[in-house]
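Here, residue 1 is the first one in the sequence, and each next residue gets the next number.
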Amino acid sequence: MPEGPEIRRAADSLEAAIKGRPLTGAWFAFDALKPFEAQLVGQTVTAIETRGKALLTHFSGGLTLYSHNQLYGVWRVVDSGETPETTRTLRVRLETAEKAILLYSASEIAMLNANELAAHPFLNRVGPDVLDMSLTSEQVQARLLSPRFRNRQFSGLLLDQAFLAGLGNYLRVEILWACELAPTRKASQLDEMQLARLSQALLAVPRLSYSTRGRPDEGQHHGALFRFKVFHREGKQCERCGGIIDRMMMASRPFYWCPHCQK
């Protein structure tokens with residue numbers, strides 16, 4: 001399941017293909033979006049923003065296309081005029097003279113004006129995105145200590161997009177390993193040093209995964225400089241303390257950790 005770093009890299013690819021170039025065509029599968037097809041021709045995509053797993057495609061005319069991949073949605077970049085062979089169902093096509101971006105299989109798609117964007121229920125529910133480079137560890141620590149989140153176990157909190165958008169299972173386990181914290185701990189139980197360490201890791205680990213994916217590696221799934229320490233490594237030795245990495249279910253997802261050093 002893609003997490004924040006993978007979604008942001010997908011957005012980067014879409015931006016590289018069409019950002020700033022006049023649209024020569026727009027096509028939508030849903031009748032409610034058909035009136036926007038002609039309106040978008042000649043406009044440019046000014047930015048593609050991520051909010052967790054949602055993408056916000058901003059157009060120069062002031063509208064924003066909201067899309068959420070959910071379980072099956074996927075974006076593709078193709079040459080202009082190309083129609084790939086696929087069993088997936090095409091939902092959106094935005095085309096320039098050179099490239100086109102295509103959204104398949106997603107069902108949660110809407111065109112929003114500024115007021116609708118500000119009032120969108122999903123966007124109002126999710127927390128700050130961990131890959132928003134303006135987000136600071138001090139702001140993250142304030143969220144950790146807020147009444148809403150301070151007494152939540154980390155096993156569930158780090159999967160809750162209302163806390164921080166873009167975190168998922170592999171990031172959850174790697175962040176807690178980096179901070180030597182058990183999944184049952186809560187922010188209200190941590191001392192000042194532990195809180196600072198966790199607040200920094202909640203941003204540093206996802207940003208490292210984002211920045212290093214796609215470089216040559218030695219078979220590691222998420223990039224040359226981002227190497228799993230515990231994820232999918234049950235039964236192997238912890239490289240920090242030599243303990244044996246364990247796997248269990250936490251918040252209905254597989255959780256990997258070192259019981260010896262994650263206290």
[atom2] on [Y] to [atom1] on [X], rounded to 0.5 Å:
X      : Y      : atom1 : atom2 : result
Leu14  : Leu94  : CG    : CG    : 9.5 Å
Leu158 : Phe149 : CG    : CZ    : 11.0 Å
Glu85  : Glu82  : CD    : CD    : 10.5 Å
Ser137 : Leu203 : OG    : CG    : 6.5 Å
Asp12  : Thr50  : CG    : OG1   : 8.5 Å
Arg150 : Leu190 : CZ    : CG    : 10.0 Å

Apply the test salt bridge (charged side-chain N to carboxylate O under 4.0 Å, His left out) to residues Lys53 and Glu3: give CA-CA distance (whole Å), side-chain angles for both, the deciding distance (0.1 Å), then the verdict.
CA-CA 7 Å; Lys53 294 183 180 180; Glu3 300 181 23; over 6 Å; no
Kindly say whether [Y] contributes a backbone atom to a donor-acceptor pair with the side chain of [X] at under 3.5 angstrom?
X      : Y      : result
Arg207 : Asp132 : yes
Asn69  : Ala54  : no
Gln262 : Pro259 : no
Asp129 : Gly52  : yes
Asn169 : Pro254 : yes
Glu180 : Lys263 : no
Gln139 : Thr136 : yes
Gln161 : Gly127 : no
Glu15  : Ile48  : yes
Ser146 : Arg143 : yes

Verify the neighbour count for atom CE of Met249: are there more than 12 heavy atoms of other residues, nucleotides or ligands below 6.0 Å?
yes
Counting heavy atoms not belonging to Asp191, are there more than 12 under 6.0 Å from its CG?
yes
Derivation of the salt bridge (charged side-chain N to carboxylate O under 4.0 Å, His left out) call for Glu234 and Lys236:
CA-CA 6 Å; Glu234 69 270 26; Lys236 297 182 180 180; over 6 Å; no
Distance to the ring centre below 6.0 angstrom and angle to the axis at most 45 degrees; does that hold for Arg172 and Trp177?
no
Could you pull out the closest heavy-atom pair between Arg21 and Ala16, with the gap in Å?
NH1-O, 3.3 Å
If two hydrophobic side chains count as joined below 4.5 Å and joins carry through other members, does Val205 share a cluster with Phe255?
yes
Are Ile7 and Leu56 connected, step by step, through hydrophobic side chains (Ile, Leu, Val, Met, Phe, Trp, Tyr) whose heavy atoms are closer than 4.5 Å?
no
Is it true that Glu95 and Arg93 have a side-chain N and a carboxylate O under 4.0 angstrom from each other?
yes
Would you mind checking if Glu192 and Arg197 are paired as a salt bridge, meaning a charged N to carboxylate O distance below 4.0 Å?
no
Could you walk me through whether Val74 and Arg76 pass the side-chain contact (heavy atoms from CB on, under 4.5 Å) test, one step at a time?
CA-CA 7 Å; Val74 61; Arg76 293 284 184 263; 2.7 Å; yes
Using the six-membered ring wherever Trp is involved, compare the ring planes of Tyr66 and His120 and label them parallel, tilted or perpendicular (cut-offs 30° and 60°).
tilted
Specify whether Phe231 and Phe228 have parallel, tilted or perpendicular ring planes, treating 30° as the upper limit for parallel and 60° as the lower limit for perpendicular.
perpendicular
Would Lys229 and Val173 count as a side-chain contact (heavy atoms from CB on, under 4.5 Å) here? Give the steps.
CA-CA 9 Å; Lys229 306 294 188 179; Val173 301; over 6 Å; no
For a side-chain contact (heavy atoms from CB on, under 4.5 Å) check, start with the C-alpha distance between Thr64 and Thr57, then their side-chain angles and the critical distance, and finish with the verdict.
CA-CA 5 Å; Thr64 295; Thr57 302; 5.8 Å; no
Between Phe59 and Thr44, does the side-chain contact (heavy atoms from CB on, under 4.5 Å) criterion hold? Intermediate values first, please.
CA-CA 6 Å; Phe59 298 101; Thr44 62; over 6 Å; no
Could you walk me through whether Arg8 and Glu6 pass the salt bridge (charged side-chain N to carboxylate O under 4.0 Å, His left out) check?
CA-CA 5 Å; Arg8 183 60 253 175; Glu6 290 74 42; over 6 Å; no
